Amino acid sequence: MPDLENPFQETLIQRHRAESCTVVIFGATGDLTHRKLIPALYNLAVDGDLPPQFKVVGFARRDKPDDVFRAELEESNKKNSRQGHDAALWSSFGQSIHYHQSEFQDVEGYKSLKTLLDSFDKERGAPANRLFYLASAPEFFDQIMLKLRESGLNEGAGDKFSRVVCEKPFGKDLKTAQHLNEVVSQTFHEKDTYRIDHYLGKETAQNIMVLRFANLMFEPLWNSRYIDHVEITCSENLGMEGGRGGYYDTAGALRDMVQNHLFQLLSLVAMEPPTGLSADAVRDEKVKVIRSLRRWRGAKEVAENVIRAQYTAGSVDGVDRVGYRQEDRVNPQSNTESYVALRLYVDTWRWQGVPFYIRMGKQLPKKATEISIHFKNPPQIPFATETMNGTSNSLVIRIQPDEGISMGMLSKTPGQSLLLQSVKMDFRYSSSFGKASPEAYERLLLDAMSGDATLFARRDEVENAWTFIDEIEHAWHNEGEQPPMCEYPAGSWGPKEADELLHADGRAWRRL
Amino acid sequence: MSNLSDSSLAILGQEVPLGRVDKALKELWGADAARTRASLMNIAVYSEDPDSLERNTQLLGEITREHSCRGLLILALPDQTPPQARAWITAHCQLYGGHKSVCSEQISFVLAGGKADQVRNIVFAHLDSDLPLVFCWQGDLTENFDERLYSVIDMLFVDSSTWCKPETDFDRLQFAISQNTARFRVYDLSWLRSHSLRTALATCFQSKLALEQLPLLRRMEITHASGHRVAALLMVAWVAVRLKCTLDICQKGLCLITAEGQRIEVLVTDNGAGDPLQGIFMHSDAANISVTRVSGSQYAKARVEIGDHLSEEMLPADLGSDGELIGSQLARLGGQSLYFQMVPMLRGML
């Protein structure tokens with residue numbers, strides 16, 4: 001047994017199994033840690049997917065002993081765990097959780113963290129991998145990176161890795177993103193840098209590539225010859241609840257959702273087949289899509305292709321809502337958009353002339369994220385069009401909340417006369433697969449621990465996306481003739497100008 | 001058919017004439033708009049045990065919680081006369097999101113005098129088209145397990161622990177799998193029962209410290225419940241294959257011999273009642289490594305004690321019921337090459 005390979009670790013599991021690892025969470029007392037990260041790790045423990053001798057260390061400023069931290073996390077896990085809470089399992093899992101008090105800018109705190117991590121390795125009898133998760137507010141990223149470097153924690157112990165996972169927002173424009181990337185790259189290699197976008201951890205987002213490249217019936221049609229247009233909709237029925245207005249008012253819909261989540265979905269829909277399934281092979285193709293987005297020259301072209309808006313007072317789910325500018329922690333003169341609609345073109349051979357319409361908004365009628373592919377009409381329909389009740393073929397990929405895929409087609413209605421009706425073939429994850437999908441964070445944390453970066457954004461993806469977004473932001477805020485800020489009542493499907501964006505092309509937004 | 005009581009047949013739902021099964025199903029779904037029929041596969045459960053109807057209806061109900069399917073429940077009574085075939089339909093429904101009822105249909109057949117050709121015809125005639133066929137064969141692989149039938153099977157579940165003549169059954173299985181027309185993968189519940197225990201054992205050997213003890217192992221014990229000796233022996237065979245050991249059966253019992261000539265004594269202990277597989281213990285002079293079921297829990301404790309070093313972890317334990325085992329395997333898929341590597345060694349221990 002010269003190479004000391006574990007002979008029992010064979011084909012028991014299909015995915016790559018992570019080796020012993022310690023996860024250090026910066027900002028461990030925050031909402032993300034309580035609601036998402038710890039429940040995700042706990043659920044990995046339920047499924048037996050955590051690496052052996054796993055440890056998690058919460059790093060934060062407030063002083064508290066391990067047992068208080070564990071008790072707080074146990075309470076939130078009871079509320080947030082996808083697979084419930086088992087006291088026996090928690091008693092074992094909870095023992096792997098530790099708390100480390102330090103200011104983010106105090107190098108001594110990092111040195112004592114290193115001592116703690118070394119003591120875990122000693123306990124294990126061998127060094128383990130280390131994963132640093134930045135769940136703190138973004139303004140601390142610089143400091144944390146710098147101190148990790150100064151304390152030597154950016155270097156793995158022995159032959160083990162040291163990696164960093166960065167939560168969004170990764171910058172607020174190209175300049176800040178580049179700065180962050182520089183800071184990160186001075187501390188960690190790009191291969192050890194994992195920029196998280198939880199949309200990519202969702203089952204349906206992962207299924208886009210399978211749908212396209214594992215089913216021959218779709219890919220031959222997946223081009224400008226057969227596809228009329230593509231819509232990506234992300235609607236939220238919430239506003240600025242829970243004090244979110246403070247952050248949101250500095251970002252807006254374009255920066256908060258389009259630059260990252262919706263561009264990732266766009267890339268998956270529009271990318272060419274990758275040469276393999278390695279992280280870089282997939283990301284190479286995705287970044288080409290972002291690079292191929294047609295650029296606009298000046299505020300006028302931006303205004304012709306991008307609609308921004310704020311909600312005014314209205315009603316959602318029977319509850320009265322105030323307007324955006326009246327929301328808690330929002331500037332009453334705010335010029336930040338709560339809604340954005342874009343008409344994009346991907347200037348590649350495959351997509352020449354096919355518009356991609358993207359819309360994202362707050363206080364819309366319901367919560368839904370969906371991609372719809374709208375196929376062209378047949379060249380000639382040998383039926384009278386007045387007998388048709390419905391439209392041409394469409395394929396809808398529902399990302400959330402009701403994950404699934406549906407296909408729309410025309411069918412003859414039963415009876416003596418020749419009437420055509422639009423019908424829908426529906427695939428729902430919840431009906432077809434009784435087992436609930438893992439939370440996105442479960443998948444992403446496991447991938448980061450086992451070294452699969454496919455579902456994480458690469459530096460060039462992030463920077464190219466910001467380059468594109470910055471041009472719109474510049475037109476909105478810095479040019480002489482700024483495009484107007486439109487309005488829509490809370491509870492509606494957005495401003496009429498967004499409808500006109502499609503009407504001008506002879507189309508209409510899909511009814512959700 | 002006279003042996004079957006009305007109450008045991010009542011659980012099968014509505015009796016329908018054999019030639020009207022499809023029509024009756026159509027009526028069943030057409031009558032209730034609130035229910036959605038879903039099907040990703042055909043799952044047939046075959047038994048020759050007259051007492052199996054209720055148990056197998058529950059088994060299908062359990063599988064359909066996570067795997068929508070058309071369920072075919074077949075009770076063949078080859079020796080019963082006069083020949084007679086009866087059919088029933090029912091549905092297993094699950095509520096999703098508190099309102100939507102998603103249902104899998106079950107068609108049950110009781111075939112008095114059911115020989116191979118009748119069983120085959122019943123299966124062929126009632127498959128949901130284009131969907132894979134998962135076949136759960138209960139008990140020994142009898143004459144009814146014939147080539148024309150298994151040539152349409154995609155996944156075959158058997159349970160070698162329940163076989164009365166395991167040597168004959170393994171021969172039949174290996175013969176079937178060697179046929180050109182056979183394209184099914186075999187899953188032995190007896191083997192699947194140890195999946196989590198094996199995963200936990202692999203976890204114990206993730207560290208260099210533990211791996212260094214492997215060539216020094218002297219003793220191994222596997223404890224099991226009555227009726228699950230084959231599952232325990234499959235574990236022994238697995239360890240032997242993974243460590244590239246040969247098997248030695250002497251008067252003292254079982255022994256594994258490593259490539260370096262080290263002897264590992266093997267003890268397989270029947271603990272009576274309890275979980276099918278209850279623990280695996282490995283010992284060298286310096287190390288005690290074990291995985292044991294935690295009583296009354298869904299977890300197993302993996303314990304590694306090497307000199308002063310001690311680590312303990314809780315990991316998922318093996319699933320209790322056949323329905324859960326089959327369901328988890330359908331979700332996991334995976335190959336069978338390892339299983340067939342172990343069968344010759346298992347044969348040597350039977």
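Just so we're on the same page: letters track the sequence lines, and every chain starts at 1. In this text the structure is predicted, and so the values were computed from the model without any measurement.
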Enquirer: Are the side chains of A:P7 and B:L211 in touch, meaning some heavy atoms are under 4.5 Å apart?
Expert: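 In short, these two side chains touch, coming nearer than 4.5 Å.
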Enquirer: With chain A as the partner, which of B:L40, B:L315, B:V304 has the greatest number of non-hydrogen pairs under 4.5 Å?
Expert: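 Greatest number of close heavy-atom pairs with chain A: B:L40.
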Enquirer: Check this for me: A:K122, atom NZ, are more than 12 non-hydrogen atoms of other residues, nucleotides or ligands nearer than 6.0 Å?
Expert: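 Count not over threshold, so no.
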Enquirer: Donor-acceptor pair, distance only, cut-off 3.5 Å: does the side chain of B:R242 make one with the backbone of A:F8?
Expert: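 No: the side chain of B:R242 does not pair with the backbone of A:F8.
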Enquirer: Between A:A45 and chain B, with a heavy-atom cut-off of 4.5 Å, which part of the residue counts as in contact: side chain, backbone, both or neither?
Expert: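 Interface part for A:A45: backbone (N, CA, C, O).
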Enquirer: Taking everything shown except B:Q298 itself, do over 12 heavy atoms lie less than 6.0 Å from its CD?
Expert: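 No.
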Enquirer: Is the backbone N or O of A:Q53 less than 3.5 Å from a side-chain atom of B:E313, with the two atoms forming a donor-acceptor pair by type?
Expert: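 Yes.
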Enquirer: Hey, is CG on A:L277 packed in by over 12 heavy atoms from elsewhere, all under 6.0 Å?
Expert: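 No.
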Enquirer: What part of A:Q95 lies closer than 4.5 angstrom to a heavy atom of chain B: side chain, backbone, both or neither?
Expert: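 Looking at A:Q95, nothing touches chain B.
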Enquirer: What residue in A:S92, A:A88, A:P52 has the most heavy-atom pairs under 4.5 Å with chain B?
Expert: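 Of the candidates given, the most pairs with chain B belong to A:P52.
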Enquirer: Which heavy-atom pair separates A:R124 from B:H309 by the least distance, and what is that distance?
Expert: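 What the structure gives for the nearest pair is O-CE1, 3.5 Å.
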Enquirer: Using heavy-atom distances under 4.5 Å, tell me whether B:T203 contacts chain A through its side chain, its backbone, both, or neither.
Expert: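 Both parts, heavy atoms under 4.5 Å.
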Enquirer: Does A:K412 NZ have over 12 foreign heavy atoms under 6.0 Å away?
Expert: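 Check passes, neighbour count above 12.
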Enquirer: With a 4.5 angstrom heavy-atom cut-off, could you sort out which part of B:Y299 is near chain A: side chain, backbone, both or neither?
Expert: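 Contact with chain A involves the side chain of B:Y299 alone.
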Enquirer: Heavy-atom count around B:K301 NZ within 6.0 Å, excluding the residue itself: above 12?
Expert: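 It does not: B:K301 NZ has 12 such atoms or fewer within range.
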